[in-house]
Each structure stands twice: as C-alpha cells, then as structure tokens.
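Report on one structure; see the data block that follows.
Counting begins at 1 with the first residue of the sequence.
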Amino acid sequence: MTSIAIVGAGPQLGLAIARTYGSQGFDVALISRNRAKLDDLVDKLTTEGITAAAFPADVLDRDALTQALKDTATQFGGIDVLEYSPVGTFGVTPLTAPAETEPSHVEHEMNFQLYGAIAATQAVLPAMREAGTGTLLYTTGAGSIWPDTRVANVNAAAAALRNWAMNLHKELADAGTGIQAAHIGIDSSIGVSVIPGLEAAKPEQISPLYWELHTTKRDEAELVFRLNDKPFPRL
C-alpha cells in the first residue's frame, strides 16, 4: 500500500490533496491539532471510499509530531509522501512590516514553518532513504518568493523554508537517492477571498500540482500556483 501524511490538514487545501492522492489509491494520514476537525475530514474521505485516519499533533510540539508520523508509518506500513502545510491562527503572531519587525515577531513563524518542517522530515527521511524512494512536499504562500511588506515576518520564515526545501531537493537529487523534495508557492487566496473583488482559488485547482511533483515532475524543485496566471496584489 502507498500512503501520504498531510501535516496541517484542514478543510481546504489539505482535504483537496487528500482527495487527489486518495483517488489514486493512497491511504491518507491527517495531522493537525484539532481531533474533532480531523475526525470530520476522515468521515468525509471515508464516505468517498478513501482510507484515512487522524493523528492529532501540534507542529510546535516536536515529540508529538514525530510520534504522529511514527504512528502513521506503523498503521499504513510506511509513508511514501510527506506534505507539510500547517496554517497558523490569526492573531497568534502580529503581522509586521520589515522596519517594524522584531526577532520575536519572526520566532514563532520560524518554529511553525521551518523548524516544524525539519522535524517532520527527520521523522520520515531515514525510511525513505532505506526504501530508495519517497516524496517530500513543502507549502508556503508565494510571499516566500515575492515578499509583501504587510507580512514581512511571515515572509521571512516562509522564505527560509523555501530555501531549505530547494536545498534539500538538490542534495537528494545529486546523491541519487530517488527521493523528491519540492516547494509549492501559492500566489492566491484559497477558498475565501481576503481582498474584496479578488477571486479566490478553489483548493481543487491547486492540489494537482502536488500529484505532478510526485509523479511527472520529480525533477522540479518548485512549482508556483497563480490563479489565471495573475500575481496576487502586493504592497
């Protein structure tokens, strides 16, 4: 059997990725903080004929995240694809302009985005190396590529994750490991528009990129989604 672990699984993009992989016969592990919300997603996938299970964990709790991934591998016989895309809670960290940014404004985002991704990767990469195959996918907003002055602290951490993921792609490719690592930059709102009059992307429009990076585009270190090929407005 093949399986995907989705870290930061939610009712928008996470669910769409689960459906994309589940429709291809993958078992799906859903990992995030809220057990009740995960159970709702599992129920939806189950009614669609997709094998799914919930593994509650907070990405800020490294031990819990590592255990959730170990439990996933035990239940599904391994993890073939890791997808990392947790979404923070608005208000936990203030959004800052570059000149206003203090180290503390970036610290939470670094823990949430970069350090969580590294911890998740360390939990699954050894088994992938042993198997000689696997896929590691990391998601950020496209501010990691094209910064937005309104969210400089978030962009800084996202850019760090992007840099690390693309570096990992090169290392694994150069060593001939058979493991794909890639970054997905999303230059759009998802599900609900955050700017009046600006169309939001449907999760189902984005999730095929994740399948492509696992299958036909394993040589690519990055794909970027733009709705109708239009850039998201920035300041």
Does anything in residues 51-60 form a salt bridge (charged side-chain N to carboxylate O under 4.0 Å, His left out)? List the pairs, not counting sequence neighbours.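 Counting only pairs at least two positions apart or across chains, no salt bridge (charged side-chain N to carboxylate O under 4.0 Å, His left out) contact touches residues 51-60.
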- request: Sort and list the pairs that fulfil salt bridge (charged side-chain N to carboxylate O under 4.0 Å, His left out) and have at least one residue in residues 203-212, not counting sequence neighbours.
  value: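 Sorted result for residues 203-212: E212-K217.
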Just wondering, more than 12 heavy atoms not from D174 lying within 6.0 Å of its CG?
->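 Counting other residues, nucleotides and ligands, CG of D174 exceeds 12 neighbours.
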Over all heavy atoms of both residues, which pair between [X] and [Y] is shortest? Give the atoms and the distance, please.
{"X": "A123", "Y": "L69", "answer": "CB-CD1, 3.8 Å"}
{"X": "T96", "Y": "N153", "answer": "N-OD1, 3.1 Å"}
{"X": "A165", "Y": "H183", "answer": "CB-CB, 4.3 Å"}
{"X": "L172", "Y": "A181", "answer": "CD1-CB, 4.1 Å"}
{"X": "A57", "Y": "A68", "answer": "CB-CB, 3.9 Å"}
{"X": "L161", "Y": "T140", "answer": "CD2-CG2, 3.7 Å"}

- When you check the gap from the basic side-chain N to the acidic O, do D40 and K44 get nearer than 4.0 Å?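 Salt bridge absent between D40 and K44.
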Distance under 6.0 Å and angle within 45° of the ring axis: does R19 meet both against W211?
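Geometry flag: not set, cation outside 6.0 Å or 45°.
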| said: Return the CD1 to OG distance between I184 and S207, rounded to the nearest 0.5 Å. | reply: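 Separation between the atoms: 11.0 Å.
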Working to the nearest 0.5 angstrom, can you tell me the gap between L223 CG and I186 CD1?
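Going from CG on L223 over to CD1 on I186, the span is 11.0 Å.
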- Task: Decide ring-ring contact (aromatic ring centres under 6.0 Å, His included) for H169 and Y138; before the verdict, give the C-alpha distance in whole Å, the side-chain angles of both, and the deciding distance to 0.1 Å.
- Result: CA-CA 11 Å; H169 172 93; Y138 308 93; over 10 Å; no
